[in-house]
Enquirer: 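I'd like to ask some things about the structure below.
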Amino acid sequence: MKKLFTTLSNIWKIQELKERIVFTLMILLVYRFVSHVVLPGVDATLLGNNEKSGLLGLLDMFAGGSFSRVSILALGVMPYISASIVVQLLGIAVPSFQKMQKEGESGRKKLNQITRYLTVAITAVQAVGYVKTQVPAEAIVIDHALFYVMATFVLAAGTLFVMWLGEKITDKGIGNGISLIIMVGIIARLPIALYQEVTSRFVGAGLIALVVEIVALFAVVMFTIMIVQGVRKVPVQYAKRIVGNRQFGGVRQYIPLKVNAAGVMPIIFAQALMFIPGFIPQFFPSLQNTWLVQFSDYTSLAYSLTFGFLIIAFTFFYTAITVNPTQMSDDMKKNGGFIPGIKPGLSTSSFIDDVISKITFPGAVFLAIIAILPSIAVKFGIKSEFAHFYGGTSLLILVGVVLDTLQQIESYLLMRHYDGLMKTGRVTGRTGIPAAASGSNAVI
């Protein structure tokens with residue numbers, strides 16, 4: 001405990017770090033305040049129970065509840081995430097985008113600008129769909145045609161405002177702005193979910209069940225941290241080079257290949273596909289009593305098995321398009337590096353690809369287990385609101401963002417010759433959603 005207070009005291013002694021933390025908290029406070037502002041022309045008292053489930057529930061979670069509240073920030077950062085994913089995929093398939101990725105800081109600025117323009121286009125389309133399908137007609141108190149036009153512009157402006165807040169946090173605050181905004185939206189649901197779970201268990205033997213639930217949640221969080229942080233270190237030896245009177249190279253370093261290089265993206269992709277079977281019976285009434293109905297219940301066995309299989313498949317797919325062994329081998333060769341016992345060039349590329357394949361499979365399986373843990377928790381009697389924190393997208397994002405933010409704080413401490421946050425080792429970052437790349441190379 002003394003170590004904790006000493007560390008907190010050291011954090012507050014660093015003026016720049018203190019200012020960045022205060023600035024970040026103020027921006028997040030502004031975001032949470034604005035997220036409760038309802039769209040003009042909507043009577044909030046007539047919204048009723050507007051809670052979402054499935055993919056819409058995921059969007060609502062990312063937006064911190066703004067989606068179901070019909071807030072001016074209802075679309076949140078999802079259009080920006082979608083635009084970032086599109087730009088990243090274009091960087092793999094389109095040569096001009098690949099060239100920009102290799103241009104360093106100037107190329108990054110160009111890609112960020114393209115991402116912003118694409119965000120505006122995606123937001124405009126999603127805003128029209130949102131006001132048409134998600135805003136109850138009885139809650140609109142002005143002329144409907146006028147409302148649809150006005151709401152589209154307001155929602156687009158709201159998304160750009162959130163994006164701007166995230167970029168300001170990245171530039172002048174601590175951590176990655178977009179990631180922190182998503183994390184705050186998720187955490188905002190935790191107190192209510194925990195209160196509901198505690199009140200439901202506060203009878204008889206339910207207290208013992210509550211203690212077991214908390215212990216299980218702690219174990220799941222530790223397990224998730226292990227998956228997020230897990231790496232396979234590949235040794236790289238650099239040849240000695242004499243330049244003038246100085247020697248360069250001749251040292252051994254490591255390439256940290258992550259067990260879960262795809263981050264949370266496979267779950268998002270799989271969840272989007274799992275949303276389709278539940279919609280089919282709505283368009284074809286004759287299929288309402290068929291096996292497709294099982295996919296409307298995320299706790300069903302068919303849903304969990306299919307969901308897990310898709311996550312494993314998408315993990316391999318996303319890892320394959322984001323991790324390029326050939327480029328890693330070429331960069332290593334240009335810098336005079338080689339893996340001991342492996343010939344440079346094609347052999348090195350094949351070796352790295354083989355290692356990635358071997359560590360990706362267990363990582364994909366563990367990711368699938370984490371994703372279906374909420375449905376298992378519900379089967380054990382845990383309320384669905386609280387069960388979402390036992391795994392899935394929310395837990396992975398929370399763990400990843402916290403680790404990334406702690407890593408930045410620790411770097412400030414070590415730079416000023418203070419002790420780090422841990423007695424042994426260092427806090428390391430992670431990778432995840434490529435949507436938080438604005439203003440930095442960090443990702444969710």
Side-chain angles (χ1 to χ4, degrees), residues 54-59 61-62 77-93 122 179 182 186 223-224 226-232 257-280 294-295 298-325 352-376 388 390-401 430-437 443-444:
L55 181 61
L56 296 181
L58 179 66
L59 298 177
M61 178 185 66
F62 281 175
V77 295
M78 286 309 295
Y80 181 65
I81 292 176
S82 302
S84 299
I85 293 173
V86 171
V87 170
Q88 186 181 44
L89 294 178
L90 289 174
I92 298 171
I122 294 176
S179 302
I182 294 176
I186 296 172
F223 175 73
T224 305
M226 181 183 70
I227 298 302
V228 171
Q229 298 286 76
V231 295
R232 164 75 154 81
L257 299 177
K258 297 189 71 65
V259 174
N260 179 30
V264 74
M265 292 309 301
I267 298 181
I268 294 178
F269 286 149
Q271 206 150 23
L273 288 183
M274 294 302 296
F275 189 60
I276 296 175
F279 256 100
I280 293 178
Q294 300 180 57
F295 291 92
Y298 75 94
T299 63
S300 65
L301 180 61
Y303 184 101
S304 297
L305 291 178
T306 307
F307 190 35
F309 173 78
L310 287 175
I311 289 173
I312 293 175
F314 276 122
T315 300
F316 276 95
F317 168 75
Y318 199 78
T319 302
I321 65 176
T322 55
V323 182
N324 190 342
I352 295 175
D353 184 62
D354 183 56
V355 172
I356 291 174
S357 299
K358 289 180 179 178
I359 65 176
T360 297
F361 179 72
V365 172
F366 290 145
L367 189 65
I369 293 173
I370 291 173
I372 64 176
L373 276 178
S375 63
I376 297 175
H388 283 300
Y390 276 80
T393 314
S394 57
L395 183 59
L396 284 169
I397 290 176
L398 287 175
V399 169
V401 175
R430 50 70 187 114
T431 57
I433 300 177
V443 288
I444 290 186

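Because the structure is predicted, anything quoted here is derived from the model rather than measured.
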Enquirer: Suppose the criterion is salt bridge (Lys or Arg N to Asp or Glu O under 4.0 Å): which pairs have a residue in residues 357-371, not counting sequence neighbours?
Expert: D354-K358
Enquirer: Under the side chain to side chain contact (heavy atoms under 4.5 Å, CB included) test, which residues partner A270, sequence neighbours left out?
Expert: F307, L310, I311, F314
Enquirer: So, for L367 and G263, which heavy atoms are closest and what is the spacing to 0.1 Å?
Expert: CD2-O, 3.7 Å
Enquirer: Going from CD1 on I359 to CG on L257, what distance comes out if it is rounded to the nearest 0.5 angstrom?
Expert: 5.0 Å
Enquirer: Taking only residues two or more places apart in sequence or in another chain, which ones pass side chain to side chain contact (heavy atoms under 4.5 Å, CB included) with S375?
Expert: Y298, T299, S304, I372
Enquirer: Rounded to the nearest 0.5 Å, what's the gap from OG1 on T315 to CZ on F366? Could you check?
Expert: 12.5 Å
Enquirer: For a quick test of reading the model, state the closest non-hydrogen atom pair linking V231 to V259 and the distance between them.
Expert: N-CG2, 4.1 Å
Enquirer: Looking at every heavy atom in both K258 and V228, which two are closest together, and how far apart are they?
Expert: NZ-O, 2.9 Å
Enquirer: Step by step, would you call L395 with L373 a side chain to side chain contact (heavy atoms under 4.5 Å, CB included)?
Expert: CA-CA 11 Å; L395 183 59; L373 276 178; over 6 Å; no
Enquirer: Within this structure, what is the CG-CE distance for the pair N260 and M226, rounded to the nearest 0.5 Å?
Expert: 11.5 Å
Enquirer: So, using side chain to side chain contact (heavy atoms under 4.5 Å, CB included) as the criterion, who are the partners of V323 when residues are at least two apart?
Expert: A261, T319, M328, I356
Enquirer: According to ring-ring contact (aromatic ring centres under 6.0 Å, His included), who are the partners of F316, at least two apart in sequence or on a separate chain?
Expert: none
Enquirer: Holding to side chain to side chain contact (heavy atoms under 4.5 Å, CB included), I want the full list of residues that pass it with A320, two or more places apart in sequence or in another chain.
Expert: none
